[in-house]
Protein chains: 2
Amino acid sequence: MAAKRSGRSKRGINERLQPLQEPRSEPPLSRERIVATAVELLDAQGVDGLTMRRLADRLGSGVMSLYWHVDNKEDVFDLALDSVLEYRGPPQIAQDWRGEVVHVLEDWRASMLRHPWSATLLPRRALGPNILGRLELLSKTLSRAGVADADVNAAIWSLWNYVMGATITRASFDLSDDDRAAAQQRLTRLSERYPTIERSRLLLDNDWDGAFKNGLGFLLDGLSPK
Amino acid sequence: MAAKRSGRSKRGINERLQPLQEPRSEPPLSRERIVATAVELLDAQGVDGLTMRRLADRLGSGVMSLYWHVDNKEDVFDLALDSVLEYRGPPQIAQDWRGEVVHVLEDWRASMLRHPWSATLLPRRALGPNILGRLELLSKTLSRAGVADADVNAAIWSLWNYVMGATITRASFDLSDDDRAAAQQRLTRLSERYPTIERSRLLLDNDWDGAFKNGLGFLLDGLSPK
DNA sequence: ACCTGAACACCGTTCAAGT
DNA sequence: ACCTGAACACCGTTCAAGT
């Protein structure tokens, strides 16, 4: 959207002089830089770590400069969230519909786990273009597989619910291995109140990926057109 | 835990005089009052609405008085959350194991939906006694139903994931009917990019309870011991 | 068109003190 | 044992102004 620049560029001069005087001179602010830095900050410090002031600090600008490029803090969250949910498309090898659905959902889950704050944020924010694209793809795949039109929406929401629950839970538990061990210890102390889950070591169960695949399989069995 | 009081009570005098002078005289602060008022505030204003200062205001006390009864704000969240997850037990009529599991999960979901903030909070907080009690019950029921010991934990986490995802999603969508309509309108404007979910009106689909029961049925089919 | 600092109305919590 | 106010180090955002 920037105005067209003159073809004759004076880049040579800037490249020689500026970097010498301020070697880490920041590129100008932009929506893209703000969003990318917000993601960095969220990855490093979590949801509560994102602060307009800290964000501006990292960008080497004044706090209020951000508000030229961005509406408010909520806007930053929405943009950071969607930027993390980009879909790179299915692998080249052809697959049956079931393999395709599994791939879409596992890729979605993997994207969120790379940025654990995104899973807890997603249900609370407006749906951005990238997540809508994933839903569109899912819907098309299910239709093509022969799921009746009347059942597609219910199927999508069931899958959505399962993926979101699994990912939010895993992301939260992962953030706090110590807490989990402490919880299981507390459980052991109270073992007369919770004997069954104490004995089965429920809180230490670690096979997240297996459990995810397992339950997803059950859902797809049920959703399959007969 | 309070010290034993003298048997001879002077209650009569207090009841006559105090209420006349300060008709809305607050009972003394206590952990229970703080938690109950925190739940009120959360119900009314959501997660961001809970503030130590606002909480103290509602209780008619100074902010710092709260800290005598409570460690910090996180503590208030933990206590409010667990207080809302109390389980009243199964209905009297006997049921098969599957009916029992469905009842436990639907009751859990209903408790969270009565306090929509609780669903989004639960995965981020330590597991309190009430939620542990529900997991214990679930674990016992599945074992009794004949699910192999090695499979019980995976089964519980699948059900947990599904219930949490469904409830968080529903609670978030419910909070913002207008937003949803706006989202579907935005979708219509972009209908060339998302033709399938635009045509199926995915974002306006409203049968949450039906979809929940549906997917839960599929999971239980898969989990059933053969 | 883009950036800024001062100011406002909030936060959670520490501390030293009151009864 | 229980409660308090002042103070500190933070927030997001408005506004009026600079270039």
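Labels below follow one simple rule: chain letters A, B, ... track the order of the sequence lines, proteins then strands, and each chain is numbered from 1. No hydrogens, no waters, no symmetry mates; every other heavy atom, side chains included, goes into these values.
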Asks: Could you check whether Arg124(B) pairs with Asp78(B) (Lys NZ or Arg NE/NH1/NH2 to Asp/Glu carboxylate O, under 4.0 Å)?
Replies: no
Asks: Taking atom C1' of dT4(D) as reference, at what distance in whole Å does atom CG of Leu29(B) sit?
Replies: 12 Å
Asks: Sticking with atom C1', work out how far dA16(D) lies from dC3(C), rounded to a whole angstrom.
Replies: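 Per the computed distance, 13 Å lies between those C1' atoms.
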Asks: In the strands shown, is dT19(D) matched to any nucleotide by a Watson-Crick or G-U wobble pair with both distances under 3.5 Å, and which?
Replies: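 Partner of dT19(D): dA1(C).
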Asks: Do any side-chain nitrogens or oxygens of Arg54(B) fall under 4.0 Å of OP1 or OP2 in dC11(C)?
Replies: yes
Asks: Would you mind reading off the distance between Leu59(A) atom CG and dC2(C) atom P, rounded to a whole angstrom?
Replies: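 Whole-Å distance recorded here is 16 Å.
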Asks: May I ask you to check whether Trp157(B) and Phe173(A) place their ring centers less than 6.0 Å from one another?
Replies: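 Aromatic pair counts; centres sit under 6.0 Å.
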Asks: Would you classify Met64(A) as touching base, sugar-phosphate or nothing, given that sugar-phosphate means primed atoms plus P, OP1 and OP2, and contacts are heavy atoms under 4.0 Å?
Replies: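 Met64(A): base contact, heavy atoms under 4.0 Å.
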Asks: Judged by atom type as modelled, is there a donor-acceptor pair below 3.5 Å linking the side chain of Arg170(A) to the main-chain atoms of Asp209(A)?
Replies: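 Checking the backbone N and O of Asp209(A) against the side chain of Arg170(A), no donor-acceptor pair under 3.5 Å is found.
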Asks: In this structure, how many angstroms lie between the C1' atom of dC10(D) and the CG atom of Leu50(A), rounded?
Replies: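 That distance rounds to 15 Å.
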Asks: If we call it a pair only when both distances are under 3.5 Å in a Watson-Crick or G-U wobble match, what pairs with dA6(D)?
Replies: dT14(C)
Asks: Whole Å only: how far is the CG atom of Leu66(B) from the C1' atom of dG5(D)?
Replies: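 My rounded result for the distance is 14 Å.
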Asks: Checking salt bridge (Lys or Arg N to Asp or Glu O under 4.0 Å) for the pair Glu106(A)/Lys213(A): CA distance, chi angles, key distance, verdict?
Replies: CA-CA 9 Å; Glu106(A) 292 199 322; Lys213(A) 261 202 150 82; 3.2 Å; yes
Asks: Measure NZ/Lys73(A) against P/dC10(C) and give the value in whole Å, please.
Replies: 17 Å
Asks: Using modelled atom types only, decide if a donor and an acceptor are shared between the side chain of Ser118(A) and the backbone of His115(A) within a distance under 3.5 Å.
Replies: yes
Asks: Is the phosphate of dC3(C), meaning OP1 or OP2, less than 4.0 Å from a side-chain N or O of His69(A)?
Replies: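 Answer is yes, contact under 4.0 Å.
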Asks: Just N and O in the side chain of Ser61(B): are any of them under 4.0 Å from OP1 or OP2 of dC3(D)?
Replies: no
Asks: Take atom OH of Tyr67(B) and atom C1' of dC15(C), then tell me their distance rounded to the nearest Å.
Replies: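 So the OH-C1' distance, Tyr67(B) to dC15(C), works out to 13 Å.
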Asks: Roughly how many Å is it from CH2 in Trp68(A) to C1' in dT14(D), rounded to a whole number?
Replies: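 The answer, rounded to whole Å, is 16 Å.
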Asks: Quick one: which of dG12(C), dC3(C), dG12(D) gets closest to the side chain of Arg53(B)?
Replies: dG12(C)
Asks: For dC2(D) and Ser65(B) - does any side-chain N or O of the residue sit under 4.0 Å from the phosphate oxygens OP1/OP2?
Replies: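 So the side-chain polar atoms of Ser65(B) never come under 4.0 Å of the phosphate oxygens OP1 or OP2 of dC2(D).
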Asks: When the distance from CD1 of Ile34(A) to P of dC2(C) is rounded to whole Å, what number comes out?
Replies: 12 Å
